[in-house]
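Numbering of residues begins at 1 and proceeds along the displayed sequence. Only a predicted model underlies this, so the values are computations on that prediction, with no experimental measurement involved.
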Amino acid sequence: MVRIATAAESMPESIKLCYGESDMPTPAFICDAAHQAALGGHTFYTHTAGCIELREAIAAKIDELQGVSYRASEIMSTVGGSMAIYAAIRAFVGRGDNAVIVSPAYAIFSNGVIMAGGEPRPAPLARDGRRFRLDLDRIAKAVDRNTRMLIVNSPSNPTGWMMTVDEQRALAQLARRHDVVILAVEVYERLVYDTVDKPKGLSPPAGLSPPAGLSPQVAPSFARVVANKDRLIVVNSFSKTYNMTGWRLGWAQSSEATIKTMYQAVEFMTSNATAMVQQAGIVALRDGEPYIEELRAHYARRREQVMASLSSMPGVSLPEPQGAFYAFPRIEGLTDSTAFALRLLEETGLAVAPGAGFGSDGEGYIRVCFAATEAIVTAALERLRNFVTSGRS
Ligand SMILES: Cc1ncc(COP(=O)(O)O)c(C=O)c1O
């Protein structure tokens, strides 16, 4: 993926749909908040886990969206969701341990496990026609007495798969049986779409009504089904929800004891997330709902566009992305997605991510990020269509 990105950056006419971020800047109300916070004196160290106002604002948002209650002491803000993922893995996985990762998956999970001295064990999703689904048998087979953690990302990068509540319950049961902690990475929770046959559990649970005037669409959090907070770490981020990738702000939620273990370790790595960025995060959480609505509507249109186009390309089959902002089409007969992506870039100037960048379970696929303008997505799809229909692929 680095090779493709580097080559694409040096090509002036290239279209870069290989990255995991939108081409839209952070909205002005969040930039203003950071500016005002810096001028207002938020320039000092904060508590390693973040200032209490941010942790309380995150707790309130979790309650509002998911109907589950966390105290500020059960939440830590981090330098991006990435830091939260690494700190969580370091807290539970060491030498001789392993972690089972629902795959294909973002490479940070397996690399984090390796850096912690453990063994990453990918457990592939099953493909059911137009949909991925959890393959509980494959996961159960990968678990042994040295398994410390089960890592799952939903809505998923790269597949767009979104776990149903039934799948969450089944995975939680398996984790409990084997005394394994779940790391649930939910950074795309606000980017969910109306799918043809809506997976069960997309709407808020009974008794949880959205605030007046709003209907916040959200993927069901694992926190709804795992009552024992010691058994679960949820990671979330401001990056995708508010287009704040460069700001580096995310969080982890778990039991107070786990959060304490994690922030004590982070003290010696990054310490706190940037003080004025934390303040901007509070404003994003408070005022960001209309923006999220707009963003989701924009991505929903791009998703329709990409699905219609990819589904009509010969030799291409597309599992329907239910969330996030990626299409993950399979290319018939493809055995080397890296070579495919490199040739696609060289010959057409379109950069996509090879499926193999998400582990061997992603081989045969490519990832197309559709968080771009209509004109860019149109041009990209045209280049891809020409490439696959020309026989050069
Ligand atoms: C599944 C997943 N987790 C975590 C991250 C990292 O997000 P952050 O920018 O908050 O570090 C990404 C970013 O692409 C992601 O796709």
Visitor: Provide the full list of salt bridge (Lys or Arg N to Asp or Glu O under 4.0 Å) pairs with a residue in residues 138-154, sequence neighbours left out, each pair given once.
Guide: Asp97-Arg148, Arg121-Asp144

Visitor: Should Lys61 and Glu289 be marked as a salt bridge (Lys or Arg N to Asp or Glu O under 4.0 Å) after you check the CA-CA gap, both sets of side-chain angles, and the distance that decides it?
Guide: CA-CA 11 Å; Lys61 186 56 78 176; Glu289 289 302 326; 2.7 Å; yes

Visitor: How close do Leu134 and Met163 get, heavy atom to heavy atom, and via which atoms?
Guide: CD2-CE, 3.9 Å

Visitor: Give, for atom CG of Asp135 and atom CD of Glu167, the distance between the pair rounded to the nearest 0.5 Å.
Guide: 10.0 Å

Visitor: If you round to the nearest 0.5 Å, how far is CG of Asp336 from CD of Glu363?
Guide: 6.0 Å

Visitor: I want to check something: taking the side chain as every heavy atom from C-beta on, are Ile233 and Ile182 in contact at a cut-off of under 4.5 Å?
Guide: no

Visitor: Between side-chain atoms of residues 80-96 and protein atoms elsewhere (two or more places apart, or another chain), which donor-acceptor pairs fall under 3.5 Å?
Guide:
{"unit_1": "Tyr86", "atom_1": "OH", "unit_2": "Arg90", "atom_2": "NH1", "d": "2.9"}

Visitor: What residues form a side chain to side chain donor-acceptor pair (under 3.5 Å) with Thr373, not counting sequence neighbours?
Guide: none

Visitor: Assess, by modelled atom type and distance only, whether the side chains of Arg190 and Gln217 contain a donor and an acceptor separated by less than 3.5 Å.
Guide: no

Visitor: side-chain contact (heavy atoms from CB on, under 4.5 Å), that's the test. Do Gln278 and Thr46 meet it? Break it down for me.
Guide: CA-CA 9 Å; Gln278 293 185 41; Thr46 69; 3.0 Å; yes

Visitor: Taking the side chain as every heavy atom from C-beta outward, state whether Thr348 and Leu384 have any pair of such atoms under 4.5 Å apart.
Guide: no

Visitor: Please evaluate residues Ser309 and Met313 with respect to the criterion side-chain contact (heavy atoms from CB on, under 4.5 Å), reporting the C-alpha separation (whole Å), side-chain torsions for both, the decisive distance (0.1 Å), and the verdict.
Guide: CA-CA 7 Å; Ser309 176; Met313 286 185 202; 3.5 Å; yes

Visitor: Between Phe238 and Ile30, is there a side-chain heavy-atom distance shorter than 4.5 Å?
Guide: no

Visitor: Treat each ILVMFWY residue as a node, draw an edge where side-chain heavy atoms are under 4.5 Å apart, and state whether Val100 and Met115 are in one component.
Guide: yes

Visitor: Taking side chain as C-beta onward, heavy atoms only, is Ile114 less than 4.5 Å from Pro120?
Guide: yes

Visitor: Does the side chain of Val102 come within less than 4.5 Å of Trp161's, by heavy atoms?
Guide: yes

Visitor: Taking atom CD of Gln322 and atom OG1 of Thr159, what is their separation to the nearest 0.5 Å?
Guide: 8.5 Å

Visitor: Do you know which two heavy atoms are closest between Pro155 and Met162, and how far apart they sit?
Guide: CG-SD, 3.9 Å

Visitor: Is the shortest side-chain N to carboxylate O distance from Asp128 to Arg131 below 4.0 Å?
Guide: no

Visitor: Salt bridge (Lys or Arg N to Asp or Glu O under 4.0 Å) for Glu320 and Arg303? Distances and angles first, verdict last.
Guide: CA-CA 9 Å; Glu320 186 183 309; Arg303 170 182 173 271; 3.2 Å; yes

Visitor: Can a donor-acceptor pair be found between the side chains of Gln279 and Gln36 at a distance below 3.5 Å?
Guide: no

Visitor: Measuring from Asn153:CG to Phe109:CZ, what's the distance to the nearest 0.5 Å?
Guide: 4.5 Å

Visitor: Do we see a donor-acceptor contact under 3.5 Å between the side chains of Gln173 and Arg176?
Guide: no

Visitor: Side chains of residues 252-260: which donor-acceptor pairs under 3.5 Å do they make with residues two or more places apart or in other chains?
Guide:
{"unit_1": "Gln253", "atom_1": "OE1", "unit_2": "Trp251", "atom_2": "NE1", "d": "3.0"}
{"unit_1": "Ser254", "atom_1": "OG", "unit_2": "Lys229", "atom_2": "O", "d": "3.2"}
{"unit_1": "Ser254", "atom_1": "OG", "unit_2": "Leu232", "atom_2": "O", "d": "2.8"}
{"unit_1": "Ser255", "atom_1": "OG", "unit_2": "Asp230", "atom_2": "OD1", "d": "2.7"}
{"unit_1": "Ser255", "atom_1": "OG", "unit_2": "Thr258", "atom_2": "N", "d": "3.2"}
{"unit_1": "Ser255", "atom_1": "OG", "unit_2": "Thr258", "atom_2": "OG1", "d": "3.1"}
{"unit_1": "Glu256", "atom_1": "OE1", "unit_2": "Arg71", "atom_2": "NH2", "d": "3.0"}
{"unit_1": "Glu256", "atom_1": "OE1", "unit_2": "Ser73", "atom_2": "OG", "d": "3.0"}

Visitor: If every non-hydrogen atom of Leu318 is compared with every non-hydrogen atom of Pro329, which pair is closest and at what distance?
Guide: CD1-N, 3.7 Å

Visitor: Look up atom CZ in Arg133 and atom CG in Asp166, then write down how far apart they are to the nearest 0.5 Å.
Guide: 13.0 Å

Visitor: Provide the closest heavy-atom pair for Phe358 versus Met1 in the form atom of the first, atom of the second, distance.
Guide: CZ-CE, 3.9 Å

Visitor: Decide whether Thr147 and Asn98 meet the rule of one side-chain donor and one side-chain acceptor closer than 3.5 Å.
Guide: yes

Visitor: Any salt bridge between Arg301 and Glu304, counting N to O under 4.0 Å?
Guide: no

Visitor: Which residues satisfy the ring-ring contact (aromatic ring centres under 6.0 Å, His included) test with Tyr299, sequence neighbours excluded?
Guide: Phe325

Visitor: Which atom pair, heavy atoms only, marks the closest approach of Ala8 to Ser14?
Guide: O-OG, 2.8 Å

Visitor: Between Ser317 and Arg130, does any side-chain donor sit less than 3.5 Å from a side-chain acceptor?
Guide: no

Visitor: Hey, could you give me the OG/CG distance between Ser221 and Asn236, rounded to the nearest 0.5 Å?
Guide: 8.0 Å

Visitor: Starting from the C-alpha separation in whole Å, work towards a yes-or-no answer on side-chain contact (heavy atoms from CB on, under 4.5 Å) for Ile139 and Leu174.
Guide: CA-CA 9 Å; Ile139 295 170; Leu174 188 141; 4.1 Å; yes

Visitor: Set out, in order, the CA-CA distance, both residues' side-chain angles and the distance that settles side-chain contact (heavy atoms from CB on, under 4.5 Å) for Cys18 and Arg367, then state yes or no.
Guide: CA-CA 7 Å; Cys18 51; Arg367 189 194 71 178; 5.7 Å; no

Visitor: Applying ring-ring contact (aromatic ring centres under 6.0 Å, His included), name anything that partners His35, two or more places apart in sequence or on another chain.
Guide: none

Visitor: Does Thr338 have any side chain to side chain donor-acceptor pair (under 3.5 Å) partners at least two apart in sequence or in another chain, and if so, which?
Guide: none

Visitor: Is the closest side-chain heavy-atom distance between Val352 and Leu350 below 4.5 Å?
Guide: yes

Visitor: Does Phe268 sit in a hydrophobic cluster with other residues, and if so which ones, taking ILVMFWY side chains as linked at heavy-atom separations under 4.5 Å, directly or through other members?
Guide: none

Visitor: Starting from Ile52, can I reach Leu285 by hopping between I/L/V/M/F/W/Y residues whose side chains sit under 4.5 Å apart?
Guide: no

Visitor: A side-chain contact here means heavy atoms from C-beta on lying under 4.5 Å apart; do Ser22 and Phe370 qualify?
Guide: no

Visitor: Minimum heavy-atom separation for Pro158 to Tyr326, with atom names?
Guide: O-CB, 3.5 Å

Visitor: Please name all residues satisfying ring-ring contact (aromatic ring centres under 6.0 Å, His included) with Phe328, sequence neighbours left out, ordered by chain then number.
Guide: Tyr365

Visitor: Return each pair, listed once, that meets salt bridge (Lys or Arg N to Asp or Glu O under 4.0 Å) where at least one residue sits in residues 41-57; pairs must be two or more places apart or across chains.
Guide: none

Visitor: Does the side chain of Tyr291 come within less than 4.5 Å of Thr241's, by heavy atoms?
Guide: no

Visitor: Sequence neighbours left out, what passes side chain to side chain donor-acceptor pair (under 3.5 Å) with Tyr263? Give chain and number order.
Guide: none

Visitor: Using a 4.5 Å cut-off between side-chain heavy atoms of Ile, Leu, Val, Met, Phe, Trp and Tyr, which other residues end up in the same hydrophobic cluster as Leu342?
Guide: Ile4, Met11, Leu345

